[in-house]
Amino acid sequence: MLAGRALWHNELMPDVTEAHLIQRARAGDRDAIAALYRTYVQAVYRYVSYRVPDDATADDLTAEVFLRMVEGLPRFSLNGAPFEAWLYRIAAARVADYYREQMRHPQADLPDSVPDRAVSPEHALQSEQEREAIRAALRQLSDEHQDILILRFVERKSHAEVADILGKSVTAIKSAQHRALTQLAELMGLDSKARHYLRGTRE
Amino acid sequence: MSNPNAPQYDADALARQLDDRLPSGDGRVSASPGNDPRVRAAGELARGPHPALDDDSVARIEAQLRAAAHLLYAEHPALDEAAVKHGEARVAAHSRLLRTAAVSRGWVRGLARIAAVLAVLIVALYGTVTASADSLPGDVLYPVKRLVERGEIALASDNEALVLRLEFADRRLDEFERLLARGDVQPAVLDSAVDELEAALALVEQGTGSAEMVARDVRALAARHVALAQIGGVSAAGVRFDVVQIVRQATQAAAQSRRDHVDEAAHPQLDALGIPAVPAWQARILPPGLIGNPHVPGHVSGAASDAVEGGENPSANGRGPDGTGPPGLSGDRPNGGAAPPGQGRGEGDPPGQGRGEGGPPNQGRGEGGPPSSSPGQSNGPPGAGKP
């Protein structure tokens, strides 16, 4: 997504383009910063939420992403990468930091390691478990494959948008998408192979 | 539907199929994803529901951002490069704090549970320690009691440790006495008391505390020790010889202390260090009818205290201050007198029957024989019997 694109919308300042909002945010306008945050918070949270195993961590990392945004705004260039892409890169870096920290200090018995996503009234427990199984399968893919699939099918970005955000060509994105979906289908047992993705969650 | 394994089914074909069934830009998912497992996997992923941050969390994070922005921009509304750098440093510091707080919330939840468990454990531990105070050897909680004592010693200064050692010795004797009351004789408890006395004296020798005061306490405790041993029927061999040795050490330490600090001309005698003729312990541990009655089994004679007087006390030279043995504790020979050979007597014992060395009772060496079992038996003090 490019700064200032026509489809951009924010609820706090509906008449202001994203580029203008970013300019004001860089100048210290806290309402502009809040507007940018409100625009992207759920997308960033969804992305992080699919990448990490529990809600509490997703919540914390989302907060961290936007704090980094506030820190980095003075250095952000409107002529560089799209603002949204910049946020996703911050988010991806925070997720990588999280797993690096997990490797250094494994927390085998943390209660939050068990997914604790709330089940909405309109969705049954089984449905929620299926969602968790899909997320668990997704997390077995490489970081790049996860990013592509989340942006493509959770955020419903086009191949071009995903290529823009990840700084790759559309061809590379399509090729990686092909491999990622092939692997995900296997993990989900959709190609008649064993339901590997359920292993460790339920039989 | 294309065959996913056919060579022509490449990434572009899959992309086209996905664009058709899962168009970007909206949340629409085709009702018929077809047979391609890749498309079906993508459809499953797209179907949702997707996680969403709740309103409270959204507001909380926004408040954090506004606070961070305030720090960054408040003092520098018109940003120049220097201001930005200054602000960045400040906001970075603030953000670290906020991040720490945010990231640590997961920890906080875990720590809160740990804290709750610890609180329960502390309460339980406190209750256990309190309950263990009255425990006796053999009780389940007795090891806790001893463990707490060791902890107290470990944390105490030398002076405090000295007091504690004497207190613990007294505690061991109490325990022995309580066990005795229910017919359970445990000589090991008496040994523990001796260990505490030894530890106390070791501290005295290192210059801790008042030697005279300690000597007095040690003598009283040792006397009680011997008396309890006799009441409990612990044989002479079961009473540790070092009880006497301990008393001697205490007495020596006290005498040395006096020589160092007191004009000996003004205080030629150290009789003041002697134990009371009728010590409080005797009244405490014996029924009134038993005191002074040599015929009662378990009767404690003067030998008990004599034994613990030790032979090094200048006053304990085989006779009391009046030149005879001091009054026996049971009072059977108030003025002392020559004891029959082999019965333990003071000065004038036949060769080989009294050497004036503080030894355990019933050694037949003149330093205070076994408990008197008949009237008239000498209970002369240990100490000065000549070979």
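Chain letters run A, B, ... following the sequence lines, proteins first and then strands; every chain starts at 1.
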*Roughly how far, to the nearest 0.5 Å, is the CZ atom of Arg135(A) from the CG atom of Leu45(B)?*
9.5 Å
*How long is the span from the CZ atom in Arg131(A) to the NE2 atom in His50(B), to the nearest 0.5 Å?*
6.0 Å
_Which portion of Ala43(A) sits near chain B, non-hydrogen atoms under 4.5 angstrom_ = neither
_Main-chain N/O of Leu53(B) paired with Gln42(A) side-chain donor or acceptor, under 3.5 Å_ = yes
*What part of Leu149(A) gets closer than 4.5 Å to chain B, counting heavy atoms only: side chain, backbone, both or neither?*
both
_Separation of Tyr45(A) OH from Ile61(B) CD1 (nearest 0.5 Å)_ = 9.0 Å
*Closest non-hydrogen atom pair between Pro51(B) and Arg46(A), with its separation*: O-CG, 3.1 Å
_Which heavy atom of Pro49(B) sits nearest to which heavy atom of Tyr50(A), and what is that distance?_
O-OH, 4.5 Å
*Please name the pair of heavy atoms, one in Ala11(B) and one in Lys174(A), separated by the smallest distance, quoted to 0.1 Å.*
CB-O, 3.5 Å
_Are the side chains of Leu184(A) and Arg38(B) in contact, using a 4.5 Å heavy-atom criterion?_
no
*Take Asp12(B) and His178(A), measure what side chain to side chain contact (heavy atoms under 4.5 Å, CB included) needs, and give me the verdict at the end.*
CA-CA 8 Å; Asp12(B) 281 331; His178(A) 181 272; over 6 Å; no
*Part of Leu138(A) within contact of chain B (heavy atom distance under 4.5 Å)*: side chain
*Can you tell which part of Arg152(A) gets under 4.5 Å to a heavy atom of chain B, answering side chain, backbone, both or neither?*
side chain
_Ignoring hydrogens, what is the shortest heavy-atom contact between Pro37(B) and Ala185(A)? Give both atom names and the distance._
O-CB, 3.6 Å
*Could you check if a side-chain atom of Leu18(B) sits within less than 4.5 angstrom of a side-chain atom of Leu181(A), using non-hydrogen atoms only?*
yes
*Spatial distance of atom NE2 (His70(B)) from atom CZ (Arg30(A)) [nearest 0.5 Å]*: 6.0 Å
*With the side chain counted from C-beta on, respond yes when Glu62(B) and Val41(A) share a heavy-atom pair under 4.5 Å apart, and no when they do not.*
no
*Expected output: side-chain Tyr37(A) to main-chain Arg66(B) donor-acceptor under 3.5 Å*: no
_If I take atom CG from residue Leu65(B) and atom CD from residue Glu71(A), how far apart are they, to the nearest 0.5 angstrom?_
10.5 Å
